[in-house]
Amino acid sequence: MNYKVTILPSDTAFNSDAELTILQNALQNNIILEHSCGTGQCGACKAKLLTGNIEFEDKYNILTASEKSEGIFLTCTSKVLSDIQIEAEYLPELAGIQRKTVPGKVDSVSFPVPDVAVLHLRLPPTANFNYLPGQYLDLMYNGITRSYSIASAPAENNMLELHIRKV
């Protein structure tokens with residue numbers, strides 16, 4: 001069954017298949033909502049239910065009792081049960097940027113101060129890795145994934161600079 005999801009304050013709407021999560025439906029409709037992990041572990045996809053009914057799961061207890069009582073839910077673990085209106089962060093500027101996995105090689109590492117590493121990654125020439133200021137990437141190595149903000153501006157030479165603080 002399909003239901004209508006309206007995102008406020010942008011007044012953007014899309015049809016949502018009740019079998020998929022709200023986030024999955026939004027992304028299939030090229031509606032980019034703020035998100036990260038897609039599994040309910042990070043809380044980046046928090047939204048507020050204004051009207052309608054959803055099926056919501058918070059298996060990692062990301063939300064506080066106060067947030068839940070205010071109608072806050074996670075779009076990545078929630079499904080529609082009726083037409084709904086939600087308050088959510090809609091990011092239309094990201095619609096043209098595709099999520100992708102590309103290999104990278106460490107070009108250089110420097111330590112300007114003892115607890116910060118500046119890592120330069122070299123991407124393949126065919127990577128076509130586009131991003132906007134403020135975006136981040138997930139670095140995966142030996143089964144471990146960590147998110148890092150990109151410290152460099154998009155460049156023609158397919159180099160990325162990351163500043164990584166020792167924790």
Side-chain angles (χ1 to χ4, degrees), residues 1-102 104 121 123 126-140 144-156 158 160-165:
M1 180 145 226
N2 282 317
Y3 296 106
K4 182 178 178 184
V5 176
T6 304
I7 304 165
L8 298 175
S10 66
D11 202 28
T12 302
F14 61 93
N15 289 325
S16 186
D17 179 341
E19 297 300 314
L20 300 175
T21 67
I22 295 168
L23 178 61
Q24 289 169 331
N25 277 292
L27 295 175
Q28 281 186 355
N29 285 281
N30 208 25
I31 305 292
I32 310 300
L33 298 177
E34 188 170 9
H35 68 284
S36 183
C37 72
T39 62
Q41 295 182 54
C42 71
C45 67
K46 288 179 185 177
K48 184 175 185 176
L49 182 65
L50 302 174
T51 63
N53 297 304
I54 61 170
E55 176 185 324
F56 169 63
E57 182 180 3
D58 184 18
K59 60 185 170 185
Y60 297 103
N61 295 315
I62 296 297
L63 302 177
T64 65
S66 174
E67 287 176 318
K68 289 177 185 177
S69 70
E70 293 172 16
I72 305 296
F73 68 97
L74 304 175
T75 62
C76 73
T77 61
S78 300
K79 297 179 180 180
V80 294
L81 297 174
S82 69
D83 289 349
I84 62 172
Q85 286 188 335
I86 63 173
E87 187 178 298
E89 188 69 37
Y90 169 49
L91 307 166
E93 60 275 9
L94 299 180
I97 296 179
Q98 295 179 348
R99 184 178 188 159
K100 58 173 72 175
T101 301
V102 296
L121 294 175
L123 304 179
T126 58
N128 193 22
F129 188 77
N130 296 319
Y131 59 94
L132 294 173
Q135 279 189 269
Y136 65 92
L137 57 84
D138 289 332
L139 231 133
M140 296 179 284
I144 297 172
T145 302
R146 296 285 185 264
S147 299
Y148 298 101
S149 295
I150 303 170
S152 55
E156 296 293 324
N158 280 348
L160 293 175
E161 181 176 317
L162 306 176
H163 297 180
I164 302 172
R165 180 175 301 280

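Because only heavy atoms are used, hydrogens play no part in the values below, and waters and symmetry mates are left out as well, while side chains stay in. Being a predicted model, the structure only gives us computed values, none of them experimental.
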Shortest non-hydrogen separation from A26 to L33 and the atoms involved =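 Closest approach of A26 to L33, heavy atoms only: CB-CD1, 3.8 Å.
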Non-hydrogen atoms of T126 and N158 that approach each other most closely =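 Scanning both residues completely, I find the closest heavy atoms to be N-ND2, 4.4 Å.
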Just wondering, do I164 and Y148 contact through their side chains at under 4.5 Å, heavy atoms?
->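 Counting from C-beta outward, Y148 and I164 do come under 4.5 Å.
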4.5 Å side-chain heavy-atom contact, L160 and Y131 |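 Side-chain contact under 4.5 Å: yes.
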If you round to the nearest 0.5 Å, how far is [atom2] of [Y] from [atom1] of [X]?
X	Y	atom1	atom2	result
L23	E34	CG	CD	11.0 Å
K79	N25	NZ	CG	10.0 Å
H35	Q24	NE2	CD	10.5 Å
F56	L49	CZ	CG	10.5 Å
Y136	I150	OH	CD1	10.5 Å

Examine distances only and state if a side-chain atom of K46 and a backbone atom of L63 form a donor-acceptor pair shorter than 3.5 Å.
->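 No: the side chain of K46 does not pair with the backbone of L63.
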Under 3.5 Å donor-acceptor, T6 side chain and Q85 backbone |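 No; judged by distance alone, with no hydrogens or angles, the pair does not exist.
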Considering residues, nucleotides and ligands other than Q135, do more than 12 of their heavy atoms fall under 6.0 Å from its CD?
->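 Counting other residues, nucleotides and ligands, CD of Q135 exceeds 12 neighbours.
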